Amino acid sequence: MPTLLPESAPITHPAALSAAAVLSAQAPAAWPQVAAYLDALFYALDNGHSFIYVSAEEAENLQQAAPIVGAAGAFAPLILQGKRLFLGRLWQLEQDIAADFWRLANAPVAPVDSAAAAACLQAWFADKDSQGQQTAAALALLQPLMLINGGPGTGKTTTVANLLALLCQNSVAANQGLPRIGLAAPTGKAAAHMAQALQLALLRLQGLPEATQTHLQALQGQTVHRLLGLYPPQLQSRFHARNPLPLDILVVDEASMLDLSLLKSLLHALRSGCRLILLGDENQLPAVGAGDVLAALAQLTRISSALAAQLAALLPQTRFDIDDAAPPLAANVATLTVSRRFDDKSGIGHLAKAVVAGQGEAALAAFTDFSPELQWMSPTQTPWPLLYQRQAAYWQAVAQQDAAAAFASLKHIMVLAAWRQDAAAFNQGYRRYLAQQGHGSEGRWFAGQVLMVTQNDYGTALYNGDIGIVLPQGEGLAAYFSDGERCRHISLSRLPEHDTAFAITVHKSQGSEYDEVWLLPPSGSEDAAALFDRALLYTAITRARNHFVFWGEPAQLQAAIARNSPRRSGLRLALAHCAAQAPSL
Ligand SMILES: Nc1ncnc2c1ncn2[C@@H]1O[C@H](COP(=O)(O)OP(=O)(O)OP(=O)(O)O)[C@@H](O)[C@H]1O
């Protein structure tokens with residue numbers, strides 16, 4: 001129930017209500033000065049922000065609100081830093097993350113055999129379009145922390161495959177054996193996708209010693225949770241500063257999906273000297289939880305004169321602009337811009353670019369210029385018959401009880417919804433239509449039903465986001481799951497929480513790609529529409545390989561492009577603080 005506090009609006013957020021009860025009792029004198037901000041702070045946190053802005057006058061008043069409000073570095077429930085007001089816990093999280101990034105970035109790395117590395121860099125990134133990848137790999141060879149940032153198909157995985165091969169060669173040549181390498185991603189799907197793409201990229205490398213190829217081909221992807229041994233109910237990491245991960249190199253894909261808590265656990269578990277390579281696309285949706293780690297790290301690459309001298313030995317033909325006063329970690333990022341998937345003739349590429357640039361008119365024009373690759377579907381149009389027709393191969397595989405073929409056909413088309421309730425409504429409607437076509441007119445499950453697991457279940461080794469297909473098994477039905485290579489089935493009674501998933505949310509689609517994507521904008525309240533923004537739209541569009549259909553009005557598309565609300569994060573500030581504290585590092 002809302003609590004009415006003196007001279008402030010009622011507090012409605014459940015966490016703010018609990019905090020209010022404690023703070024008002026423990027610091028009654030200071031409480032009236034902060035009461036008005038608590039709700040805003042917790043609602044901001046729900047939207048992924050680490051702090052709220054206050055005016056200069058408010059900041060002055062809040063400075064008098066000790067012990068509830070403290071300055072940066074104080075141990076207080078709220079931290080005021082200039083005009084930024086943080087929940088103390090969030091402020092500390094970002095400080096810890098910045099300190100760990102700084103520690104990892106400044107650890108010494110094994111020297112590189114420049115001549116051997118230069119020869120590989122030249123041979124493996126031979127064409128003009130690979131120059132950005134080549135620079136990224138060279139920077140990652142010389143530095144222990146690297147973010148390789150770029151849109152779909154820009155070669156992040158290819159760059160990492162070549163880089164890992166180079167690091168292996170370098171380590172073997174220095175008589176240090178093959179390095180211990182970990183591959184992880186926030187979701188199981190993304191981790192499996194990275195491992196597969198990496199294996200393909202490695203196969204293209206000519207002349208790699210067999211031992212190195214075998215070592216790298218054996219790498220498997222896993223979730224960050226599993227890597228850290230974070231199991232419920234405590235979710236305490238098995239690996240941490242005193243028991244670090246036994247790794248020399250860690251690659252983390254889809255880094256945009258890491259929230260602050262998970263990132264902190266991950267960084268804490270890395271010993272100084274372990275190389276960390278983050279892969280991600282800064283334009284994609286940030287994590288579901290608080291934070292936007294890629295926005296904090298992604299920036300223009302800037303190289304000091306000392307680093308440029310080292311680079312010259314690896315890339316003698318390349319000239320770099322030198323900046324000895326660059327912001328922290330500006331040399332630890334490379335942004336790849338040449339997409340091999342979406343070239344100049346690609347409508348999806350044009351549309352994605354227009355969305356990122358906030359160009360609504362150009363986005364609409366792309367639908368005309370690149371039809372039928374890009375298509376509108378009127379929201380009044382009934383989609384079921386068309387979807388059913390598009391899924392013909394899928395339903396044929398289901399009829400033949402061929403699980404592998406059914407999983408392969410699922411990649412042909414996927415319906416994405418901005419919000420979960422829209423996905424649920426779509427699934428219900430499609431289910432009714434399927435019943436008319438003779439699929440599952442009764443019962444909870446039916447052959448061909450697509451499922452998405454919505455909970456981690458360690459007993460069945462099924463994880464939030466895993467996709468299953470219900471198929472006949474013996475006399476009844478079972479749920480099949482694929483790890484990309486093999487299919488396994490489990491009985492329906494053992495299934496953890498799940499939803500029907502002919503349509504899924506854009507959030508859940510991260511890390512996956514489909515030949516054709518249909519996007520449903522939010523159908524409900526203005527609040528829902530307000531959260532349909534540029535990052536969500538971009539993420540949905542770039543899940544499509546060949547065909548994108550917007551099942552809504554042009555005005556909805558334009559409104560989403562105009563909505564760009566980056567998350568407020570103190571991570572850059574915290575990094576600047578680390579750099580200022582240790583200028584000589
Ligand atoms: N330097 C290169 N030379 C030849 N082909 C390349 C090169 N870089 C990338 N490619 C090809 O482009 C495609 C996309 O590359 P890759 O998978 O490395 O990109 P990505 O950025 O990791 O994509 P995603 O974000 O979708 O995972 C692949 O088919 C890959 O073989």
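Counting convention: from 1, in listed order, for ligands and their atoms alike. All values reported here derive from a predicted model rather than from experimental measurement.
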Please determine if [X] has a nitrogen or oxygen closer than 3.5 Å to a nitrogen or oxygen of ligand 1.
X	answer
Ala197	no
Asp127	no
Lys156	yes

I'd like to know if the side chain of [X] pairs up with that of [Y] as donor and acceptor (distance under 3.5 Å, no hydrogens or angles considered).
X	Y	result
Arg103	Ser272	yes
Lys156	Asn149	no
Ser50	Glu94	yes

Any side-chain heavy-atom pair from [X] and [Y] closer than 4.5 angstrom?
X	Y	answer
Arg572	Gln299	yes
Trp124	Leu208	yes
Gln510	Thr539	yes
Asp369	His350	no

Query raised in the report: Of all the non-hydrogen atoms in the protein, which one sits nearest to atom 22 (O) of ligand 1, and at what distance?
Result: Thr157 OG1, 2.4 Å
Query raised in the report: For atom 19 (O) of ligand 1, what's the nearest protein heavy atom and its distance?
Result: Gly155 N, 3.0 Å
Report task. Please state whether Gly153 comes within less than 4.0 angstrom of ligand 1, counting heavy atoms only. Result -> yes
Requested in this report: Answer with yes or no whether Gly151 contacts ligand 1, where contact means a heavy atom under 4.0 Å from a ligand atom.
Outcome: yes
Requested in this report: Flag atom 28 (C) of ligand 1 as yes if some protein heavy-atom distance to it falls below 4.0 Å, otherwise no.
Outcome: no
Report task. Specify whether the nearest protein heavy atom to atom 24 (P) of ligand 1 is under 4.0 angstrom away. Result -> yes
Query raised in the report: Heavy atom under 4.0 Å from ligand 1: found in Gln133's side chain, backbone, both, or neither?
Result: side chain
Query raised in the report: Considering Leu200, Leu198, Thr158, Thr159, which one's heavy-atom position lies nearest to atom 15 (O) of ligand 1?
Result: Thr158
Requested in this report: Measure from atom 6 (C) of ligand 1 to every heavy atom in Arg204, Arg340, Gln131, Gln134 and give the option owning the shortest one.
Outcome: Arg340
Query raised in the report: Does the separation of the ring centres of His412 and Tyr514 fall below 6.0 angstrom?
Result: no
Query - Lys/Arg-Asp/Glu bridge criterion (N-O < 4.0 Å) met for Asp533, Arg563 - result: no
Requested in this report: Number the atoms of ligand 1 from 1 as they appear, then name those within less than 4.0 Å of a heavy atom of Arg341, with their elements.
Outcome: 23 (O), 24 (P), 26 (O)
Report task. Using a strict cut-off of 4.0 Å, indicate which atoms of ligand 1 neighbour a heavy atom of Glu513. Result -> 26 (O)
